[in-house]
Student: 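Mind looking over this structure? Questions follow.
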2 protein chains.
Amino acid sequence: MGERRTEVLRAAIELLDEVGIDGLTMRLLASRLGVRASALYRHYPSKQALLDAMVVHLSTPRGEARTPADAPWDEQLRRTAGSLRQLMLAHRDGARLMSTFHTPGPEAAAGFHDLVGALVAAGTTPDAAVTAVDTVLAYVNGHTLEEQARKTDASAWPGHRRDLAFDNGLELILTGIRATLP
Amino acid sequence: MGERRTEVLRAAIELLDEVGIDGLTMRLLASRLGVRASALYRHYPSKQALLDAMVVHLSTPRGEARTPADAPWDEQLRRTAGSLRQLMLAHRDGARLMSTFHTPGPEAAAGFHDLVGALVAAGTTPDAAVTAVDTVLAYVNGHTLEEQARKTDASAWPGHRRDLAFDNGLELILTGIRATLP
DNA sequence: TGTACACGTGAACGATGTTCACGTCGATGC
DNA sequence: GCATCGACGTGAACATCGTTCACGTGTACA
């Protein structure tokens, strides 16, 4: 069951990398599959449903590399922030794609909860922990969205330069969090 | 000259608040002005040009309340961040609207430069100052984008509650910056 | 008087997401 | 063997979108 459905999803992600989210058209995707656009609606009730499925698929941890729950809170935040950014940068218009989606699955909610837990364990109040995690996530989203928006422009910074800029900003926030600890 | 042009702009902003950015259609805007869609192209070469003009108009400081250049760096950052957020929240889909635009005018660039200058005057290196300002701006964009996206949802937090969440995250970053000072 | 100019019309074009009635074809149950 | 069912796809259409273009107004100014 749902075998073709998966193929459609795969083709959609492939096409996303080639033409970007604005060029990602039901007709183009269909032709890529040797099919008419109307056939796609057998598998996804709407284009938005397809986009949602893409986000879910891309966000689902691909294999290993879970962040160890016993790592210090700042290391956990660093890893989560870094892999979230990498997730967005891994595909063309990835950040914009993610931002169209808005019902974070249980996976994301669990990750959020873990981070808050790590901070509370380190001595913050629950409220402060939520604020801290929210702040980091807002930073990651804002930074990466802008980073990817400028990507094709003239400002073609080398990759490690951009990584550094991201890390520096993140460390700034982590330092701020650290200052609220006992 | 350009009198009608201004009226079109005004009507577009008015319509934005009523129907949101997705409902903002050239035809609808035209009918609101008692005119056909094609007439709009006498004043703006494209819809994107209209959107750009809206961003510029909304971003242009309306009257007074310039941030005093002799204020401490953290106060300057607080004010800039706060008014940037207010700018976005002032109109429906304001944050999304702003994010479609991407050639920051001399106004924004000057503001950016002022903030960096204030930080350098406080003792940071120029690089660190740029990082700090970038981080704050990324946070404001990320936070406000998400805040406004959830706005019409069930999660209808009261306004001051949302202001507090924003301020707390901002203070976290400011604390982080402060820690890098002599 | 005539000639620019600002402004608007009406019809069309191509593209988009989506719907719907209709086909095809292989597996499954009798 | 035959019928039925389900998964899959077709083809034509619909409404809507941004945009273009040839063509009309009326007003102000030389």
Side-chain angles (χ1 to χ4, degrees), chain A residues 1-58 91-93 96-103 149, chain B residues 1-58 91-93 96-103 149:
Chain A
M1 59 281 193
E3 181 148 346
R4 204 65 223 275
R5 198 182 147 97
T6 310
E7 258 186 85
V8 171
L9 187 59
R10 237 182 53 84
I13 294 174
E14 220 174 274
L15 194 54
L16 173 69
D17 280 330
E18 297 180 28
V19 300
I21 202 175
D22 292 322
L24 186 52
T25 282
M26 295 302 265
R27 281 176 171 84
L28 183 56
L29 173 59
S31 86
R32 192 58 66 102
L33 287 159
V35 144
R36 310 292 164 186
S38 52
L40 299 178
Y41 290 85
R42 295 280 144 189
H43 309 291
Y44 295 93
S46 69
K47 184 183 184 179
Q48 187 57 53
L50 213 201
L51 294 177
D52 288 356
M54 291 170 70
V55 172
V56 168
H57 182 258
L58 294 179
H91 293 85
R92 184 164 167 188
D93 292 328
R96 273 176 63 197
L97 210 222
M98 307 284 178
S99 75
T100 71
F101 183 68
H102 235 285
T103 46
Chain B
M1 58 285 190
E3 180 148 345
R4 203 67 223 275
R5 197 182 147 97
T6 309
E7 257 185 86
V8 171
L9 187 59
R10 238 183 53 85
I13 293 173
E14 221 175 272
L15 194 54
L16 172 69
D17 280 331
E18 296 179 29
V19 300
I21 202 175
D22 292 322
L24 186 52
T25 280
M26 295 301 268
R27 282 177 170 84
L28 183 57
L29 173 58
S31 85
R32 192 58 66 102
L33 287 159
V35 145
R36 309 292 164 187
S38 51
L40 299 178
Y41 289 85
R42 295 279 144 188
H43 309 290
Y44 294 93
S46 69
K47 184 182 185 179
Q48 186 57 54
L50 213 201
L51 294 177
D52 288 355
M54 291 169 71
V55 173
V56 169
H57 182 258
L58 295 179
H91 293 86
R92 184 165 168 186
D93 292 329
R96 274 175 64 196
L97 210 222
M98 307 284 178
S99 75
T100 72
F101 184 68
H102 234 286
T103 47

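Chain identifiers are assigned alphabetically (A, B, ...) following the order of the sequence lines, protein sequences preceding nucleic acid strands; residue numbering begins at 1 within each chain. Model, not experiment: these values are computed from the prediction.
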Student: Whole-Å distance between D:dT16 C1' and B:M26 CE?
Tutor: 14 Å
Student: With respect to the phosphate group of C:dT16, does any side-chain polar atom (N or O) of A:T25 fall under 4.0 Å of OP1 or OP2?
Tutor: yes
Student: Starting from the C-alpha separation in whole Å, work towards a yes-or-no answer on side chain to side chain contact (heavy atoms under 4.5 Å, CB included) for B:L51 and B:L24.
Tutor: CA-CA 10 Å; B:L51 294 177; B:L24 186 52; 4.3 Å; yes
Student: For a quick test of reading the model, state the closest non-hydrogen atom pair linking B:A12 to B:L50 and the distance between them.
Tutor: CB-CD2, 4.0 Å
Student: Atom NZ of A:K47 and atom P of C:dT19: how far apart are they, to the nearest Å?
Tutor: 14 Å
Student: When the distance from CG of B:L29 to C1' of D:dG18 is rounded to whole Å, what number comes out?
Tutor: 13 Å
Student: Roughly, in whole Å, what's the span from CD in B:Q48 to C1' in D:dT19?
Tutor: 14 Å
Student: Atom NE2 of B:H43 to atom C1' of C:dC5: distance rounded to whole Å?
Tutor: 13 Å
Student: Rounded to the nearest Å, what distance is computed from the CZ atom of residue A:R42 to the C1' atom of nucleotide C:dT18?
Tutor: 13 Å
Student: What is the separation between atom OH on B:Y41 and atom P on D:dA22, rounded to the nearest whole Å?
Tutor: 17 Å
Student: Would you indicate, yes or no, if C:dG10 has its OP1 or OP2 atom less than 4.0 angstrom from a side-chain nitrogen or oxygen of B:R36?
Tutor: yes
Student: Classify the side chain of B:S46 and the base of D:dG18 as holding, or not holding, a donor-acceptor pair under 3.5 Å.
Tutor: no
Student: Of the non-hydrogen atoms in A:R92 and A:D17, which two are nearest, and what is the gap between them?
Tutor: N-OD1, 2.9 Å
Student: Please compare A:L33 and A:R27 by the position of their nearest nucleotide in DNA chain D and report the one closer to 5'.
Tutor: A:L33
Student: For the pair made of CG in A:L40 and P in C:dG17, what is the distance, rounded to whole Å?
Tutor: 10 Å
Student: Does the pair B:L97 and B:D93 meet the rule for a side chain to side chain contact (heavy atoms under 4.5 Å, CB included), with working shown?
Tutor: CA-CA 6 Å; B:L97 210 222; B:D93 292 329; 5.6 Å; no
